[in-house]
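Atoms within a ligand are numbered from 1 in the order they appear, just like the ligands themselves.
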Amino acid sequence: MSKPNIIILATGGTVAAKASDESTSTDYKAGVLSITSLLKAVPGLDDIAKLSTEQIANIDSSNMSDELWLKLAKRVNSLAKSPKVDGIVITHGTDTMEETAYFLNLVSHTNKAIVLTGAMRPASAISADGAKNLYNAVYLAADKQARNKGVMIAINDKIYAARDVSKTHTLNIDAFKAQNSGEIGYIIDGKVFFSHNSTKLHTVNSVFCVRGLKKLPKVDIVYSYANDGSKVAIDAFLKAGAKGIVVAASGAGSIHENSKKHLIKLLKAKKLVVVKSSRVGAGLVPLGKEDEEQGFISANDLNPQKARVLLMLALTKTKEGKEISKYFELY
Ligand code: SIN
């Protein structure tokens, strides 16, 4: 039987990092090793798939940009159309991996497997996790069961749906969790096990598209906290061209009155679209009757950084609060 064709798109991250010695696992520069050199540390991949590679970028993922997202998404869409590509693996820093994965989940129009992976420890460290993660990601992308699942993250032997996963630990190799729904499967010794699917729309069923898109609408995030001073930030973002603001609200969506009053004024004047997410990290944000009347939109259970991704794409379609709200229910 012929082996599946898997392409690995490399973007950098700790998986491509080298520290000064083997015992150092936190002080290093991410995104320095090439994908070709990373593959040398992963034996057996040629037995699973016919591999090809492309170095799209080599960055610390905290420097991810809207421009690079658009470039990556366009490349993914073009590769996915090719009959010579059966699945796509993307190596990525873990810091913003969840955002890139969710962005691709919304704009990649394919049912072929798209799997992101990375590492919590640099490639040079004792017990580096990158090689195993890359091995698992290729196995997953090569497996027919992985089709129609939306974009996934394969890390620490687990499979997560892009929409639901987030990084929840600064250093631990078990850093990724889907707090509201759990992982959707496992990869054990080259065998893929799925337990359930993400229920939200993605990939071939998504209305969002990057074709012809040169820029994304500007959306920024403000954080709610005791004695909140984010009114200043909101005005600065607005002045810099923000079309939308995501509030990382406290609890189930409460915002300090200092900035809430200001946001209500801006909503009334139709200066901004405002989405309420939560800084808590799990659970959804329900909207009260008054919130709805004031024009706030709920991020549902998306965290602030993911709500920003969806709001940017929603704003490429409409400025209408009710329609945007619907997108937050469906995606
Ligand atoms: C990064 O996100 O590029 C650095 C951190 C990591 O990959 O774990």
Is the shortest N/O to N/O distance between [X] and ligand 1 below 3.5 Å?
| X | value |
| --- | --- |
| Asp95 | yes |
| Val15 | no |
| Ser61 | yes |
| Thr94 | yes |
| Thr14 | yes |

Exercise for the section: Report yes if some heavy atom in the side chain of Val222 is under 4.5 Å from a heavy atom in the side chain of Ser259; otherwise report no. Expected result: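 Answer no - side chains too far apart.
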Problem - Student check: side-chain heavy atoms of Ile324 and Leu315 closer than 4.5 Å - result: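 In short, these two side chains touch, coming nearer than 4.5 Å.
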Problem - side chain to side chain contact (heavy atoms under 4.5 Å, CB included) partner of Thr11, chosen from Leu116, Thr100, Ile90 - result: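 Exactly one candidate clears the test, Ile90.
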Handout entry: Side chain, backbone, both or neither: the part of Ala119 lying under 4.0 Å from ligand 1 by heavy atom
Key =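 Near ligand 1, Ala119 shows its backbone, while the atoms from C-beta on stay back.
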Practice task
Using a strict cut-off of less than 4.0 Å between a Lys/Arg side-chain nitrogen and an Asp/Glu carboxylate oxygen, indicate whether Asp174 and Lys177 qualify as a salt bridge.
Solution key: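 Yes, this pair counts.
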Exercise for the section: Report yes or no: is the cationic atom of Lys149 (NZ for Lys, CZ for Arg) under 6.0 Å from the centre of the six-membered ring of Phe194, at an angle within 45° of the ring normal? Expected result: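 Cation-pi check for Lys149 and Phe194: passes.
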Problem - Atom indices of ligand 1, in the order listed, that fall short of 4.0 Å to a heavy atom of Gly13 - result: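 It comes down to these atoms of ligand 1: 3 (O), 7 (O).
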Exercise for the section: Kindly state whether the ring of Tyr102 and the ring of Tyr331 have centres lying under 6.0 angstrom apart. Expected result: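 No, too far apart.
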